[in-house]
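A short worksheet on the structure shown next.
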There are 2 protein chains.
Amino acid sequence: MIRDSRLSGVLHILLHLAERDGPATSETLARAMQTNPVVIRRILAGLRERGLVRSEKGHGGGWTLACDLAAVTLRDVYDALGAPRLLAIGNRSEAPDCLVEQAVNAALDQAFDEAEAILLASFDDVTLAALTADFHRRLKARPHASGVHHG
Amino acid sequence: MIRDSRLSGVLHILLHLAERDGPATSETLARAMQTNPVVIRRILAGLRERGLVRSEKGHGGGWTLACDLAAVTLRDVYDALGAPRLLAIGNRSEAPDCLVEQAVNAALDQAFDEAEAILLASFDDVTLAALTADFHRRLKARPHASGVHHG
DNA sequence: AATCACGTAACTTTGATTGTTACTTATAAT
DNA sequence: ATTATAAGTAACAATCAAAGTTACGTGATT
């Protein structure tokens, strides 16, 4: 079971954008994220629809932030990604008329629902501004680091 | 991202075993679970090492419960499966020296750890006996259902 | 001995994500 | 206008883990 790291990745991108003046191209972002420009465009397409980023074609084009960092939470970003599944384990949904399976599912679903709610509530509590603030704290503590990527 | 349903599946198996007198063969269990005997053996192998089930070879052999249902929790079963990953999303762990990534990871890890702890605590709270009790409640509410599989 | 059932290694299939190529469309600079 | 740049997107390939399958070995019962 492979871990979906799109949320982590897109936050990474947003924070990088926040540290730039001008637009960043998919090409640039892809190099920073060690992936492919098309992957970047795919991920950011959802965010653009939510008004979190803007894209411009042609010369001098690329991606820019289009939101107030203090007003956007991890939950907003998660939703913009299409609210992907949070839990790696789940119920077999075959034979739902089996009473044994119903009993098992009922017990597990309660635990799963609770955990998901906790996670989403945590996402609600963190703004992008809090992340950039944390980044600058780290930068201050290690001033020799540039904060941007080399490759 | 595919969901790991081994926990759900193995609980299903354990409850079925609890409803039987004699041993059940991998063949029988596989039919009930709509899967392959080898898959059953693979899953139950971990449980046998933990003493939750016993297996006997040869004529009249098969799988039997080897534990006190009231003393075993979902957590024990989960651990016997090798404590598979609970969360479907996670951090990109590339470029860990990037301060942006560190800030992102710190925020997410806190949320992830909390959700995992909640989930495991829920597992601790449910015994197999509670599951069988729930099954019998359902059976009583729908007495026409057999509780076992047809196939 | 013959049959039954688990033990296990090796391989195949499946399903979702991610990566890649190729091409189109829109914008800016010359 | 032409050229260069960069996103938009469809289609395809590569990857990877889980699940399924085959084949054969081991041990127990009859």
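Below, chain A is the first sequence line, B the second, and so on; all start at residue 1. These numbers come from a predicted model, not from an experiment.
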Starting at CG of Asn36(A) and ending at C1' of dA10(D), how long is that distance when rounded to a whole Å?
14 Å
Going by the side-chain contact (heavy atoms from CB on, under 4.5 Å) test, name the single residue among Asp79(B), Leu7(B), Leu131(B) that passes it with Leu74(B).
Leu131(B)
Rounded to the Å, how far apart are Met33(B) CE and dA18(D) C1'?
15 Å
Round to a whole Å and report the spacing from CD of Glu27(B) to P of dG7(C).
15 Å
Does Arg85(A) have a side-chain nitrogen or oxygen under 4.0 Å from the phosphate oxygens OP1 or OP2 of dA16(C)?
no
Ser55(A) side-chain N/O to dA7(D) phosphate OP1/OP2 under 4.0 Å:
no
Per the under-4.0 Å heavy-atom filter, residues of residues 39-47 of chain B near DNA chain C come out as Arg41(B), Arg42(B)
If we only count heavy atoms from C-beta on, is the Pro23(B) to Glu56(B) side-chain gap below 4.5 Å?
no
Going by ring pair (Phe, Tyr, Trp, His ring centres under 6.0 Å), name the pairs with one or both residues in residues 22-51 of chain B, residues two or more places apart or in two chains.
none
Looking at dG19(C), I'd like to know if its phosphate oxygens (OP1 or OP2) sit under 4.0 Å from a side-chain N or O belonging to Thr35(A).
yes
Specify the separation, in whole Å, of atom CG of Leu29(B) and atom P of dA5(C).
12 Å
The side chain of Lys57(A) lies closest to which of these nucleotides: dG19(C), dA28(D), dA26(C)?
dA26(C)
Reading DNA chain C from 5' onward, which residue's closest nucleotide shows up sooner: Val38(A) or His59(A)?
Val38(A)
Examine dA6(D): is either OP1 or OP2 under 4.0 Å from a nitrogen or oxygen in the side chain of Thr25(A)? Give yes or no.
no
